[in-house]
Amino acid sequence: MTAARRPPVPVRELLGVLRAALGPAPVWSAQTPFEYVCGAVLVQNTAWTSVERALQTLREVTGFDAERLLALADAELSDLIRPAGFMRAKSRTLRAYAAWSLSEAGRSATGLDDEALRGALLALPGIGPETADVLALMVFSRRRFIFDTYGRRLLAQAGYAVGRDYESTRRALQARIDAEALSHGELVDIHGLILEAGKRARAVGGWEVYGPRIGVGPAPSVPDGAARTWQTCGAGAQGAGPGSAGL
């Protein structure tokens with residue numbers, strides 16, 4: 001007889017597990033919203049160590065001021081961000097965001113509802129669904145769960161049926177996660193903690209190995225014929241365990 005699958009672990013409980021395992025959420029290094037935007041654009045398909053070098057040169061030349069960035073010649077801006085790669089595409093995106101942020105539409109964007117803001121960000125060249133949601137969360141203080149690669153891997157380990165990519169997962173799971181009513185601060189924290197946990201998981205062989213160590217998901221190896229034991233998710237999560245979302 002097949003054992004009934006248990007429901008996925010609520011995201012609020014996952015936040016508690018990550019806090020218990022990793023401590024406080026990391027503090028974001030960006031000092032201004034535009035600096036955060038620059039980092040979010042430059043990190044696309046690039047290691048963060050390379051992004052840091054590009055950000056340092058941008059800081060020295062522009063002070064992360066949108067008008068000063070727009071005043072740069074194309075070749076100069078491309079050279080400043082060269083360590084982050086894809087200079088032409090990223091330069092175009094930075095210029096587009098900077099110009100939009102200084103326009104009437106950009107200055108009034110804080111008054112848009114969540115979906116209208118997402119649409120406005122997606123209309124900018126080089127801003128895809130993931131980057132749009134990250135900016136909505138971190139720059140515009142909107143309640144957004146980030147379904148990036150790290151987020152999808154954690155959700156899968158916690159028993160959710162994730163999609164093949166960012167948008168398919170967001171469409172399948174956003175309403176369910178929104179219903180938990182996590183605060184903006186909690187969503188910022190879990191975004192940072194998921195990134196840190198994802199790095200640790202990768203270092204030890206993936207979430208199948210790391211998850212059970214911190215209390216998320218089944219043990220990675222189970223003898224044939226033996227019942228699979230599900231880990232609970234730490235203090236305050238008795239009776240909750242991962243399984244299939246069935247979505």
Side-chain angles (χ1 to χ4, degrees), residues 10-19 22-46 48 51-52 55 64 66 90 93-94 96-98 100-101 105-156 158 160 162-163 165-199:
V11 171
R12 190 180 299 280
E13 293 186 13
L14 291 175
L15 174 58
V17 172
L18 295 177
R19 283 172 169 167
L22 304 177
V27 177
W28 300 99
S29 59
Q31 299 299 306
T32 67
F34 191 60
E35 179 179 354
Y36 192 92
V37 171
C38 292
V41 170
L42 295 177
V43 79
Q44 295 174 10
N45 303 305
T46 306
W48 183 248
V51 174
E52 287 180 317
L55 288 175
F64 295 113
K90 292 180 180 181
T93 300
L94 291 176
Y97 185 92
W100 176 77
S101 71
R107 290 195 300 269
S108 61
T110 54
L112 297 174
D113 64 32
D114 290 348
E115 289 308 309
L117 173 62
R118 192 172 199 262
L121 292 170
L122 287 172
L124 298 173
I127 301 292
E130 180 181 329
T131 303
D133 286 345
V134 168
L135 296 183
L137 173 70
M138 301 300 297
V139 176
F140 292 91
S141 301
R142 305 302 174 93
R143 293 175 56 251
R144 288 288 187 189
F145 184 90
I146 306 303
F147 297 94
D148 58 4
T149 300
Y150 284 137
R152 295 196 300 275
R153 288 172 179 166
L154 170 61
L155 291 173
Y160 292 85
V162 302
D165 54 22
Y166 189 95
E167 272 295 271
S168 62
T169 305
R170 184 188 70 85
R171 288 193 296 267
L173 298 179
Q174 181 171 295
R176 183 173 193 157
I177 294 175
D178 284 351
E180 293 193 40
L182 277 75
S183 70
H184 172 258
E186 288 173 324
L187 289 164
V188 170
D189 282 358
I190 198 168
H191 176 48
L193 289 168
I194 285 173
L195 294 178
E196 178 59 33
K199 296 173 188 176

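Keep in mind it's a predicted model, so treat the numbers as computed, not measured.
- Residue pairs meeting the ring pair (Phe, Tyr, Trp, His ring centres under 6.0 Å) criterion with at least one member in residues 171-199, sequence neighbours excluded, are Trp28-His191.
- Taking every heavy atom of both residues into account, Leu22 and Leu193 meet most closely at CD1-O, 3.6 Å.
- In this structure the side chain of Tyr160 never reaches within 4.5 angstrom of the side chain of Leu154, judged on heavy atoms.
- Residue pairs that meet the ring pair (Phe, Tyr, Trp, His ring centres under 6.0 Å) test with at least one member in residues 122-145, sequence neighbours left out, are Phe145-Phe147.
- The two residues Ala136 and Leu117 make their nearest non-hydrogen contact at CB-CD2, 4.3 Å.
- Nearest heavy-atom pair across Arg143 and Asp178 is NH2-O, 3.6 Å.
- Between Val11 and Leu155, the closest side-chain pair of non-hydrogen atoms falls below 4.5 Å.
- Between Ala105 and Ser108, the shortest heavy-atom contact is O-OG, 3.3 Å.
- Across all non-hydrogen atoms, the minimal contact from Leu122 to Ala132 is CD2-CB, 3.9 Å.
- Side-chain contact between Pro10 and Ile177 is absent, with no heavy-atom pair separated by less than 4.5 Å.
- Scanning all heavy atoms of the two residues, the minimum distance from Trp100 to Leu124 falls at CB-CD2, 3.9 Å.
- Ser101 places no side-chain N or O within donor-acceptor distance of the main-chain N or O of Gly106, the cut-off being under 3.5 Å.
- Remark: Asp114 engages Arg142, Arg144 in a side chain to side chain contact (heavy atoms under 4.5 Å, CB included) (not counting sequence neighbours).
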Exercise. Taking it one step at a time, do Arg170 and Asp133 satisfy side-chain contact (heavy atoms from CB on, under 4.5 Å)?
Worked result: CA-CA 10 Å; Arg170 184 188 70 85; Asp133 286 345; 3.5 Å; yes
ask   = Stepwise, does the salt bridge (Lys or Arg N to Asp or Glu O under 4.0 Å) test hold for Arg118 with Glu167?
value = CA-CA 13 Å; Arg118 192 172 199 262; Glu167 272 295 271; 2.8 Å; yes
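- Looking at Lys90 and Thr46, their side chains come closer than 4.5 Å, going by heavy atoms from C-beta outward.
- With hydrogens and angles disregarded, a donor-acceptor distance shorter than 3.5 Å links the side chain of Glu186 to the backbone of Ser183.
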For residues 29-43, run the donor-acceptor check on the side chains, cut-off 3.5 Å, and write out each pair with its distance to 0.1 Å, sequence neighbours left out.
unit_1: Gln31; atom_1: NE2; unit_2: Ser29; atom_2: O; d: 3.0
unit_1: Thr32; atom_1: OG1; unit_2: Glu35; atom_2: N; d: 3.1
unit_1: Glu35; atom_1: OE1; unit_2: Gln31; atom_2: N; d: 2.9
unit_1: Glu35; atom_1: OE2; unit_2: Arg59; atom_2: NH2; d: 2.8

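- Annotation: side chain of Asp148 is in contact with side chain of Leu195 (closest heavy-atom distance under 4.5 Å).
- In this view, Glu180 satisfies the side-chain hydrogen bond (donor to acceptor under 3.5 Å, both in side chains) rule with no residue, not counting sequence neighbours.
- Thr131 places no side-chain N or O within donor-acceptor distance of the main-chain N or O of Gly128, the cut-off being under 3.5 Å.
- Distance check: Ile194 CD1 to Leu14 CG gives 7.5 Å after rounding to the nearest 0.5 Å.
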* Given the rule in the side-chain contact (heavy atoms from CB on, under 4.5 Å) test, do Trp48 and Leu55 qualify, once you have shown the distances and angles that lead to the verdict? -> CA-CA 10 Å; Trp48 183 248; Leu55 288 175; 3.8 Å; yes
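- Evaluation of the side chain to side chain contact (heavy atoms under 4.5 Å, CB included) rule for Pro24 yields no partner, not counting sequence neighbours.
- With rounding to the nearest 0.5 Å, the separation of CG in Leu121 from CD1 in Ile127 is 7.0 Å.
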